[in-house]
Asker: 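So that we are looking at the same thing, I have put the structure below in structure tokens.
Atom set for the values below is all heavy atoms of this structure, side chains included, hydrogens, waters and symmetry mates excluded. Residues take their numbers from the sequence shown, with the count starting at 1.
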Amino acid sequence: MNTIAEAELKKAIDKMIFSPSGWRGIFNSGGDEENPGVEIATVYKIITAAAAVVFSEYLIAGTEQHPATGELPKPPVIILGTDTRPTGKTIADIMIRSFLVSGCSVQFAGITAAPEIMAYARSGQDNAAGGFCYISASHNPIGHNGFKFGLFDGGVLEGLEANKLIESFKNFMASDDSASRISALLDNVNEDKVRQVYAESQQIKEKALAAYRSFSEKVIYGESPQTGALKQAMIDGLKTFPLKIAADFNGSARTVSIDEELFGSLGLGFHKINASPGEIAHAIIPEGDSLESCRRFLEELNAKDPSVLLGYMPDCDGDRGNLVIWDKSEEKGRSLEAQEVFALACMAELAHLVWTGELEYDNNEKCITKAAVAVNGPTSMRIDRIAKAFGVEVFRAEVGEANVVNLARNLRNKGYLVRILGEGSNGGNITHPSSVRDPLATVFALVKLLTIRRGGVRNAGLFEIWKNMRKTDLISSGTVQTDNGASDNFSLDDIIASLPPFQTTSVSAPEAKLQVTTRDHALLKSQYQKIFEKEWNEKKDKLMLQYNITGWEARSCIGTEEKQNLSDFSDAESGGLKIVFKNKENDIAFIWMRGSKTEPVFRIMADAENPELERELIAWQRAMTTAADNGKIL
């Protein structure tokens, strides 16, 4: 490995993407992101080993001496797992050796879903210090790979600590002898210890599955005194309203996780395709065309059994799953948009809190519980409408799962009840106490909506609770509510139809992605501000006449902070910049931009109650952003 030139290492590192949500690059030896080969380039072998060494040093530095004897505790324990990408096995072997030679103990769980390894990490390791490393590039193409690092709290490192680790890695790799140091270090690996790690791997996998099963109960049903009653209400509901689930695993890490066992234990029917590890049949990202095979599978099943109403497809690490449904009105399967999925999950989980009594209200139905939903900047304002109906606040963070998780932690430290959080723009949801998206949590949010039709502190089902909350909110604002089915006579179509109407640009839509040449995104936003303000003055009368837009406000999301009334757009730096359009009473639409920190694209989107307005806004946003990148005033 020490024959690699310093310039090659620098070039490879410069191409990688580093963020609290993970480190990613094209590890495949051919450098082709769509290549399914198992070999990784030599330069990435060095990067892999160095990443393991730096994480080991980070954990060791965080251990404390015994206050009386001065002795160091046991070596830190590192739980290691992979998704099903072809390069994962090679990367894992290098990391096992690097962790061991760096003075850490290794528990290798093999192929494991991201929520599974994180549940195991938080389950307790005999009070040992340590953390987890997960080998994955999430939804990126098959030739990519990377790492997620976290501690035994079950989540990835929070922003400051993640950046500290990234800086340590880059400093290590900046030294002239980094490759030779790695090579010399790996020459000292104890092969007996390596064999022992592999020999214990199946046992570790079984422990991870057990921890995940136990933890999933807390995520799905909560931890209130009503937990048992809520679970029983769901099981009873399934006897009256039978429901079956379809899954396109696409060869992901969920193929060897708890899904089928969990569904079966509760009386939910389950069908699966592409169900062998590594059987990656189509694009990994669970959006757009990738959902087609699951949609067709659902249609085939529903033709034989009308109780098959839901389907899901996870990404490769199994921490996100978007949904397909049987659309009764159209008599066909339909893929839900990511924003729809998150909105349904929010509706379900907030109604869950009302059912259990964790959200309390006065005699005027005003919420007296300090509660919140944490989301990312481009999450549709549909969530604001849902939260308002329940009397719950909405807080926003920058794009990136770690940012939203840390925002929720900050809110809980301030006394907020935060059960549900996530990135509406990317789909899936995070349900407390989890700190990672999980398709099981998403599927069960809808299962609870469909099956829990009685009981709780209000003797009402979850959908009935939502309808009543929505009706009360609309009446208070002078709007008439249309009822969507009696308490026991409703379908999935009725639930979806009850969502506040918003049209949002899909992240997978071609118009949502741009390639920009301006590397300084603060400069790009400064140029964009000049264009926007000029364009606003020209368009404001038309926007007022056609859409009742009376003004706008600029907002930014950087890390866990949202700043409002931004006067200088460049203050958004590399974070998200949003222009919110208003009428006299409400925010009614927005346009948004941000350069991705996990993919080489610049993302834009629009969100509006009026579908025509969304189409007009996204076209306008694309033209303005392109002009700003070209240094032009339109």
Asker: Side chains of Asp248 and His282 only: does a donor on one sit below 3.5 Å from an acceptor on the other?
Answerer: yes

Asker: Examine distances only and state if a side-chain atom of Asn28 and a backbone atom of Gly37 form a donor-acceptor pair shorter than 3.5 Å.
Answerer: yes

Asker: Out of Trp355, Phe490, Phe241, which residue meets the ring pair (Phe, Tyr, Trp, His ring centres under 6.0 Å) rule with Phe463?
Answerer: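 Of Trp355, Phe490, Phe241, ring pair (Phe, Tyr, Trp, His ring centres under 6.0 Å) with Phe463 is met by Phe490 alone.
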
Asker: Would you say His139 and Glu287 make side-chain contact, with heavy atoms under 4.5 Å?
Answerer: no

Asker: Please identify which of these residues, Phe18, Tyr134, Phe27, meets the ring pair (Phe, Tyr, Trp, His ring centres under 6.0 Å) condition with Phe147.
Answerer: Phe27

Asker: Using only heavy-atom distances, determine whether the side chains of Gln226 and Tyr221 contain a donor-acceptor pair under 3.5 Å.
Answerer: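 Per modelled atom types, Gln226 and Tyr221 side chains form no pair under 3.5 Å.
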
Asker: Using the rule side chain to side chain contact (heavy atoms under 4.5 Å, CB included), only one of Val447, Thr431, Leu262 pairs with Leu440; which is it?
Answerer: Leu262

Asker: Could you walk me through whether Phe342 and Leu344 pass the side chain to side chain contact (heavy atoms under 4.5 Å, CB included) test, one step at a time?
Answerer: CA-CA 5 Å; Phe342 185 65; Leu344 289 166; over 6 Å; no

Asker: For Ser307 and Lys244, test the side chains for any donor-to-acceptor distance below 3.5 angstrom and give the result as yes or no.
Answerer: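 Checked: Ser307/Lys244 side chains pair up, N/O donor to acceptor below 3.5 Å.
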
Asker: Say whether Ser252 and Asn250, considering side chains only, have a donor N or O and an acceptor N or O under 3.5 Å apart.
Answerer: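 No, no side-chain donor-acceptor contact under 3.5 Å.
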
Asker: Is a side-chain donor-acceptor pair under 3.5 Å present for Asn140 with Arg24?
Answerer: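 Short answer, yes.
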
Asker: Taking NZ, NE, NH1 and NH2 as the nitrogens, is one of them in Arg615 or Glu511 under 4.0 Å from a carboxylate oxygen of the other?
Answerer: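 Looking at Glu511 together with Arg615, the answer is yes, because their closest N to O distance falls below 4.0 Å.
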
Asker: With a 4.0 Å cut-off, would you call Asp493 and Lys328 a salt bridge?
Answerer: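 Answer for the salt bridge query: no.
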
Asker: What residues, two or more places apart in sequence or in another chain, satisfy side-chain hydrogen bond (donor to acceptor under 3.5 Å, both in side chains) together with Lys207?
Answerer: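 Partners of Lys207 under the side-chain hydrogen bond (donor to acceptor under 3.5 Å, both in side chains) test: none.
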
Asker: Check for me whether the distance between the ring centres of Phe444 and Phe263 falls short of 6.0 Å.
Answerer: yes

Asker: Is the shortest side-chain N to carboxylate O distance from Arg320 to Glu423 below 4.0 Å?
Answerer: no

Asker: Tell me whether Glu292 is salt-bridged to Arg296, with the criterion being a basic N under 4.0 Å from an acidic carboxylate O.
Answerer: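 A salt bridge is present here (some side-chain N lies under 4.0 Å from a carboxylate O).
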
Asker: Ion pair present between Arg213 and Glu261, side-chain N to carboxylate O less than 4.0 angstrom?
Answerer: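 Looking at Glu261 together with Arg213, the answer is yes, because their closest N to O distance falls below 4.0 Å.
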
Asker: Will you find, in the side chains of Glu116 and Ser257, an N or O donor that is under 3.5 Å from an N or O acceptor?
Answerer: yes

Asker: Can we call the ring centroids of Phe99 and Phe108 under 6.0 Å apart?
Answerer: no

Asker: Side chains of Gln339 and Met605, heavy atoms from C-beta outward: is any pair under 4.5 Å?
Answerer: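 The answer is yes, as the side chains (C-beta and beyond) meet within the 4.5 Å cut-off.
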
Asker: Check the orientation of His271 and Phe297. Use parallel for under 30°, tilted for 30 to 60°, and perpendicular for over 60°.
Answerer: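 If you compare the ring of His271 with that of Phe297, the planes turn out perpendicular.
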
Asker: For the pair Ser214 (side chain) and Ala211 (backbone), establish whether a donor and an acceptor sit closer than 3.5 Å, ignoring hydrogens and angles.
Answerer: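 The answer is no, because no donor-acceptor pair under 3.5 Å joins these two groups.
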
Asker: Verify the distance criterion only: is there a donor paired with an acceptor across the side chains of Thr379 and Asn376 at less than 3.5 Å?
Answerer: yes

Asker: Just by distance, no angles: are the side chains of Thr505 and Glu614 close enough, under 3.5 Å, to form a donor-acceptor pair?
Answerer: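 Yes, because at least one side-chain N or O of Thr505 sits under 3.5 Å from a partner of the opposite role on Glu614.
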
Asker: Just checking, is any N or O donor in the side chain of Ser506 or Ser508 under 3.5 Å from an acceptor N or O on the other one?
Answerer: yes

Asker: Do NZ/NE/NH1/NH2 and the carboxylate oxygens of Lys148 and Asp83 come within less than 4.0 Å?
Answerer: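 Salt bridge absent between Lys148 and Asp83.
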
Asker: Can you confirm whether Asp305 is buried at CG, in the sense that more than 12 heavy atoms of other residues, nucleotides or ligands lie under 6.0 Å from that atom?
Answerer: yes

